[in-house]
Amino acid sequence: MRFDILTVLPELLEGPFNHSILKRAQQKGLLEVHLHALREYATDKHRQVDDYSFGGAAGMVMKAEPIAACIEQLLAERPYDAIIYTSPDGQRLDQALCNRLSLQENILVLCGHYKGVDERIREKYITLEISIGDYVLSGGELAAAVLVDSVGRLIPGVLNDETSALFDSFQDDLLAPPVYTRPAEWRGMKVPEILLSGNDKLIEEWRHEQSLQRTKERRPDLYEKYKSAG
Ligand code: SAH
């Protein structure tokens, strides 16, 4: 799976993909992440990527031309399954959307900055707009990092234990159960006895029960969804 990320601040994205699971995914050839500096696509002598907002609103707006030049160059090289703009008014990113995107081959992600991108770019190229939550970031780069991380780990073969993503929170509308590691007793606090019992069936039942309880307490909205999907 290939991500192309268009940004005015590629430096912000040099760290997140070079460690741990995403690094291994790239080493295994399952994931490619390409950063594109929009400034390099600006043709004027100051390499300007933003300009004032028409109508006198405060803040700068990302110019259409450099973004269009970059998108068109990439589109000439390969088709994209999704051309995404990160935006607070987009569809909220959730596990179902991550699952769906993890089956795609080529995804382009445009990161906004300042007041956002010229609306005409959204009209002309963008096929999906994604928000990572109801708050405003100063740029789309962190949202793009969240997207690549949450989708990248779902690509088959990326996680060592093939099944483990299936048991993460949200996969079945339930939150994950609590987890423990050694020592079995720490500062007088013991690991639940059942986890040491070796009885896989009982352990599975306990985990499911914990998931249900946790979801009911912390996310009644999800719990209702789980029950009605029943
Ligand atoms: N004026 C815009 C916010 C601009 S913030 C508005 O009120 O909607 C600058 C950029 O950060 C946006 O263009 C977008 O790409 C990114 N961004 C901000 N919050 C985001 C969020 N919750 N999810 C995804 N991207 C976000």
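As the structure lists them, so they are numbered: ligands from 1, and atoms in each ligand from 1. Values reported hereafter were calculated over all heavy atoms of this structure, with side chains retained and with hydrogens, waters and symmetry mates removed.
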query: Name the residues in contact with ligand 1, where contact means a heavy atom under 4.0 Å away: which are they?
result: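 Shell around ligand 1 (4.0 Å, heavy atoms): Tyr85, Thr86, Ser87, Pro88, Gly112, His113, Tyr114, Lys115, Gly116, Ile130, Ser131, Ile132, Gly133, Tyr135, Val136, Leu137, Ser138, Gly139, Gly140, Ala143.
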
Go through the side-chain N and O atoms of [X] and [Y] and say whether any donor and acceptor fall under 3.5 Å apart.
X      : Y     : answer
His36  : Asp4  : yes
Glu141 : Thr7  : yes
Tyr80  : Arg78 : yes

**Asked** How long is the gap from CD1 on Ile71 to CG on Leu110, to the nearest 0.5 Å?
**Response**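 Spacing of CD1 (Ile71) from CG (Leu110) equals 5.5 Å.
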
Next item on the list: Pick out which of Val146, Leu97, Leu101 makes a side chain to side chain contact (heavy atoms under 4.5 Å, CB included) with Val151.
Entry: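 Exactly one candidate clears the test, Leu101.
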
Using a 6.0 Å cut-off, check whether atom CD of Glu119 has over 12 heavy atoms from anything other than its own residue.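 Counting other residues, nucleotides and ligands, CD of Glu119 exceeds 12 neighbours.
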
